[in-house]
There are 2 protein chains.
Amino acid sequence: MTKQRELILQILTHSDRHLTADEVFFLAKLQMPSIAMATVYNNLNAMTDAGMINRVHVDGSADCFEKDTDPHDHLRCTTCGKLANVSLPWLKDRLHQAVGTDISGYDLTVHYICPECRKKI
Amino acid sequence: MTKQRELILQILTHSDRHLTADEVFFLAKLQMPSIAMATVYNNLNAMTDAGMINRVHVDGSADCFEKDTDPHDHLRCTTCGKLANVSLPWLKDRLHQAVGTDISGYDLTVHYICPECRKKI
DNA sequence: TAATAGATTTAGATTTATTCTAACTTTTAC
DNA sequence: GTAAAAGTTAGAATAAATCTAAATCTATTA
């Protein structure tokens, strides 16, 4: 647990939204100007592998990272692109039944219009 | 419908698997050596937008394309990476119920070990 | 405390997938 | 048959992520 890793973990912990590696890098640089992009990626990858943080693949743009490692899925606003978490505890079993073979997991993003964007229409 | 677009569509129609833009380019070049990568991407994007073909986002590697435009989801082998189609007609309604708000769609990839890879273990 | 091995970080180059640009070619419309 | 529009081409550009090699930090042993 180096200073760099600690800083990156702090940033994710205190963010109220999902952050890209680029955003983490920008925020980290404010507090530690010498930090390198490769360090951010190294640590995000290492912490993801260790199960300390969660990587979210976003179609057509950069991956995002979040502190929340409880199993959950994502809603993505088709207007502003923002991600929200949603818990679908029934889904994995239901998929296992439907597919008929053992599944190790799945990746789901549901497309919707978030409450803020819905207001603006 | 240019010659190039027709060729690309033929390639997708006659392929038994999901193809990346790169693979389409390679196969197209065999029959039309002058074809450019940009043309492949232009046409894949245009045909995707027109609903003639389907783009599949694959975590950590290049997008794939397929002729099948019936709504369906994907299984991805965690060992060899190959994609298979699966139909889950109940899922969209079930997600709509669970999320509680209108959803325009979703993206799902289920991780499993395909029959061929399973044999080799 | 000094030497050293191992891990980590840094800066920058590299890779990969994709898009952009500008010149050229083909097609279409008059 | 010519002009405008659309499409293609080659290569440059971009963005996300990884790799490399040198530098630095950390912990351990002497």
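For residues 8-38 of chain B, the set of pairs meeting the ring-ring contact (aromatic ring centres under 6.0 Å, His included) definition, not counting sequence neighbours, comprises B:H18-B:H74. Every pair tested for salt bridge (Lys or Arg N to Asp or Glu O under 4.0 Å) that includes a residue from residues 89-113 of chain B fails, sequence neighbours excluded, so the list is empty. Note on residues 87-121 of chain B: no pairs pass ring-ring contact (aromatic ring centres under 6.0 Å, His included), not counting sequence neighbours.
Separating the CZ atom of B:F25 from the P atom of D:dT9 is a distance of 9 Å, rounded to the nearest angstrom. Regarding A:M1, its CE atom lies at a distance of 17 Å from the C1' atom of D:dC25, rounded to whole Å. To the nearest angstrom, P of D:dT18 lies 10 Å from CG of A:D49.
Taking Ile, Leu, Val, Met, Phe, Trp and Tyr as members and joining any whose side-chain heavy atoms lie under 4.5 Å apart, directly or through other members, the hydrophobic cluster of B:I121 also contains B:I113. Residue A:L83 shares its hydrophobic cluster (ILVMFWY side chains chained together at separations under 4.5 Å) with A:V56, A:V58.
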Per-nt protein contacts along nucleotides 8-18 of chain C (heavy atom under 4.0 Å; B base, S backbone sugar-phosphate only, - none) come out as SBBBB----SB
